[in-house]
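This report concerns only the one structure given below.
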Number of protein chains: 2
Amino acid sequence: MSEDAFLATYDPSAYGRLALTVDVVLLGLRDGRPAALLLKRDEPPQAGLWALPGGFVGVAETLEAAADRVLREKAGLSGLHLEQLYTFGAIDRDPRMRIVSVAYLALLPETAFAAAARNGAGLRPAVIEVPWAGEAGGPVAVRAPEDGQERGPLPLAFDHADILALAILRLRGKLDYSSVGFALLPDRFTLRQLQDVHEAILGTALNKPAFRRRMLDRGWLEPTGARAAGTSFRPPELYRFRQPR
Amino acid sequence: MSEDAFLATYDPSAYGRLALTVDVVLLGLRDGRPAALLLKRDEPPQAGLWALPGGFVGVAETLEAAADRVLREKAGLSGLHLEQLYTFGAIDRDPRMRIVSVAYLALLPETAFAAAARNGAGLRPAVIEVPWAGEAGGPVAVRAPEDGQERGPLPLAFDHADILALAILRLRGKLDYSSVGFALLPDRFTLRQLQDVHEAILGTALNKPAFRRRMLDRGWLEPTGARAAGTSFRPPELYRFRQPR
DNA sequence: CCTCTTATTCGCATTGTGCGAATAACTAAG
DNA sequence: CTTAGTTATTCGCACAATGCGAATAAGAGG
């Protein structure tokens with residue numbers, strides 16, 4: 001920004017009532033479907049609706065630090081990889097005042113996702129239902145995993161449905177040319193698990209031999225030599241993700 | 001964001017001094033190289049340095065409306081397609097106060113780019129020099145187009161070098177799976193011009209038959225039947241961009 | 001040792017792309 | 001009108017990436 005604009009137009013009373021927040025999409029998988037951790041609001045406005053964990057950005061706090069703090073305070077998590085998604089600035093996205101929010105995405109492996117849902121902070125997993133294919137975009141719905149279709153979707157607060165939709169869109173777009181997929185897996189995993197992650201995010205079935213070949217050719221997978229236990233048939237090899245180069 | 005955080009932590013004196021701005025990368029081509037329109041700052045801080053056009057976001061103004069207003073006020077342009085790039089929130093990116101800025105990207109065809117540089121608003125074209133290949137990322141430098149290497153790069157204000165770098169990165173990433181490239185061309189254009197745009201953005205030479213085939217197969221090009229004039233050899237066919245589907 | 005089930009590999013067709021060379025087409029000069 | 005000059009446009013072929021069905025391998029458990 002240029003300071004002429006500042007000097008010419010800055011009026012504290014006009015600009016002082018704009019607040020900045022961060023909202024974090026805590027995304028993981030639940031029963032092979034993408035899911036996010038949500039909080040049920042218990043005060044108006046939008047009491048009873050479900051919202052992403054979020055919080056105000058302090059004046060001496062970077063956006064990433066604010067998102068990290070939200071993660072720590074509301075989910076007991078720290079050190080997660082955060083990716084900025086988009087900044088939402090509709091005038092009336094929050095009925096109380098003008099609030100602009102920077103949305104972040106954090107990915108959780110299945111066990112950490114389940115653990116965060118159990119740690120008492122009130123976060124509840126909600127399966128994300130994506131009614132569009134590919135990267136078409138559009139609204140998404142969320143549903144409590146134990147509820148069937150008859151319970152209807154969970155109502156989302158503010159514009160959080162848009163934020164969730166964007167998280168899915170971004171993830172789909174980056175999935176096969178980046179290594180984001182591994183962030184949803186434990187340290188050691190099988191190729192089938194990796195394919196399950198991709199299929200859950202993309203919402204489509206993938207061809208097994210082709211997927212395996214593609215992933216191995218990427219050079220990101222390091223065989224551990226160990227095999228998964230607990231199967232009553234041939235156990236698959238366990239791989240580890242190794243940062244490219 | 002959730003309101004518990006608001007109630008628990010909101011302190012007007014602590015949060016009131018955070019300001020929100022938009023900065024707009026006005027990107028076009030100049031002599032076959034990517035270039036942006038910049039303003040020379042004439043007041044401290046950072047007087048004499050070059051900055052992106054930007055301005056504060058009004059309390060009753062969406063981010064896009066603010067960016068649009070900046071375009072109108074500072075470049076005399078309106079109705080351009082704007083794409084949100086990223087939100088920059090480093091604590092000390094502006095020495096005066098805490099300012100978070102949402103960066104937008106607007107693309108100008110070559111004639112509109114040149115016209116905007118001439119309309120008296122003080123915008124000057126600056127060629128962007130990208131020292132990295134592909135989507136590696138990293139810093140970029142800008143240079144006045146008429147200056148040679150001996151004049152050195154133009155000094156950029158604040159974190160605007162990062163914003164420009166991100167604009168290039170985003171453009172490179174979207175170039176061959178989206179139709180952004182057409183925004184840098186006039187209404188009717190030849191395949192060679194389209195290839196020149198791609199080569200300028202990507203910073204690499206492309207194979208002509210393959211490029212032509214790829215573009216025609218996309219289904220975005222509609223032959224006009226007319227041919228470019230003014231050549232002293234076989235004139236190429238002019239195409240028009242037609243929105244897919 | 002045999003069966004069951006999944007892991008892993010093979011073979012082949014199809015598609016997308018790189019690239020050099022050939023052909024077509026228009027302008028301008030003679 | 002003919003010819004040279006220059007670029008546009010198309011061809012032909014090699015090669016890499018991928019989809020997909022089928023074959024083969026391997027470990028668990030009886």
Side-chain angles (χ1 to χ4, degrees), chain A residues 32 133-135 172-179 181 185-186 188-241 244, chain B residues 32 133-135 172-179 181 185-186 188-241 244:
Chain A
E135 304 193 29
R172 284 190 178 177
K174 294 188 70 171
L175 195 57
D176 43 39
Y177 76 91
S178 83
S179 55
L185 287 170
R188 299 178 343 148
F189 52 86
T190 68
L191 279 172
R192 168 57 82 183
Q193 286 178 293
L194 181 59
Q195 183 172 351
D196 287 343
V197 165
H198 280 237
E199 292 182 339
I201 298 299
L202 298 176
T204 64
L206 299 173
N207 183 269
K208 186 150 71 154
F211 180 79
R212 150 185 297 269
R213 195 173 31 191
R214 210 149 25 96
M215 287 300 136
L216 291 174
D217 287 350
R218 291 264 187 286
W220 292 338
L221 292 173
E222 188 177 43
T224 63
R227 294 170 172 279
T231 62
S232 82
F233 38 79
R234 176 180 179 180
E237 168 127 35
L238 288 169
Y239 289 83
R240 197 195 317 276
F241 169 61
Chain B
E135 304 193 31
R172 283 191 178 176
K174 294 188 69 169
L175 195 58
D176 43 39
Y177 75 90
S178 83
S179 55
L185 288 169
R188 299 177 346 147
F189 53 85
T190 68
L191 279 172
R192 167 58 81 182
Q193 287 177 293
L194 182 58
Q195 184 172 349
D196 287 343
V197 165
H198 281 236
E199 292 182 340
I201 298 299
L202 298 176
T204 64
L206 298 173
N207 182 270
K208 186 150 72 154
F211 180 80
R212 151 185 295 270
R213 196 173 31 192
R214 211 151 22 99
M215 287 300 136
L216 291 173
D217 286 351
R218 291 264 187 288
W220 292 339
L221 292 172
E222 188 177 43
T224 63
R227 294 171 172 278
T231 63
S232 82
F233 38 78
R234 175 180 179 178
E237 169 128 33
L238 288 169
Y239 290 83
R240 198 196 317 276
F241 169 61

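In what follows, chains carry the letters A, B, and so on, assigned in the order in which the sequence lines appear, proteins first and then strands, with residues in each chain numbered from 1.
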Mind checking the CZ-CD spacing from B:F211 to B:E199? Nearest 0.5 Å is all I need.
->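 With rounding to 0.5 Å, CZ (B:F211) is 7.5 Å from CD (B:E199).
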Say you draw a straight line from CD of A:Q195 to CZ of A:R214; how long is it, rounded to the nearest 0.5 Å?
->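 These two atoms lie 9.0 Å from each other.
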Under 4.0 angstrom, heavy atoms only, what part of the nucleic acid is B:T190 near: base, sugar-phosphate, or nothing?
->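 No contact.
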How would you label the contact of B:R214 with the nucleic acid (heavy atoms, under 4.0 Å): base, sugar-phosphate, or nothing?
->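 Result for B:R214 = sugar-phosphate.
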To the nearest angstrom, how far is [X] atom [atom1] from [N] atom [atom2]?
X	N	atom1	atom2	answer
A:Q195	C:dT6	CD	P	14 Å
A:L202	D:dT18	CG	P	14 Å
B:L194	D:dT9	CG	C1'	16 Å
A:R192	C:dT6	CZ	P	9 Å
A:H198	D:dT18	NE2	P	13 Å
B:L191	C:dA24	CG	P	20 Å
A:F233	D:dT24	CZ	C1'	18 Å
B:L221	D:dA8	CG	P	15 Å

Measure from the side chain of [X], starting at C-beta and using heavy atoms only, and say which of [options] lies closest.
X	options	value
A:R213	D:dA28, D:dC20, D:dG12	D:dC20
B:P209	D:dC11, C:dT8, C:dG18	D:dC11
B:R234	D:dT7, C:dG18, C:dA7	D:dT7
A:P236	D:dG5, C:dT8, C:dG18	C:dT8
B:E237	D:dC20, D:dT9, C:dG18	D:dT9
B:S232	D:dG29, D:dT6, C:dT27	C:dT27

Are A:P236 and A:R192 side-chain neighbours, meaning at least one heavy-atom pair lies under 4.5 Å?
->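 No, too far: nothing below the 4.5 Å cut-off.
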Just wondering, do A:D176 and A:R218 contact through their side chains at under 4.5 Å, heavy atoms?
->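 They are in contact (side-chain heavy atoms under 4.5 Å apart), so the answer is yes.
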Starting at the 5' end of DNA chain D and moving along, which residue's nearest nucleotide shows up first, A:N207 or A:T231?
->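 Its nearest nucleotide being more 5', the pick is A:N207.
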If you pin A:R218 and A:R227 to their nearest nucleotides in DNA chain D, which one's is more 5'?
->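 Checking each residue's closest nucleotide, the 5'-ward one belongs to A:R218.
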Between A:K208 and C:dT8, does any side-chain N or O lie under 4.0 Å from OP1 or OP2?
->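 Answer is no, no contact under 4.0 Å.
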Is there a donor-acceptor contact under 3.5 Å from the side chain of B:T224 to the main chain of B:L238?
->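 Present.
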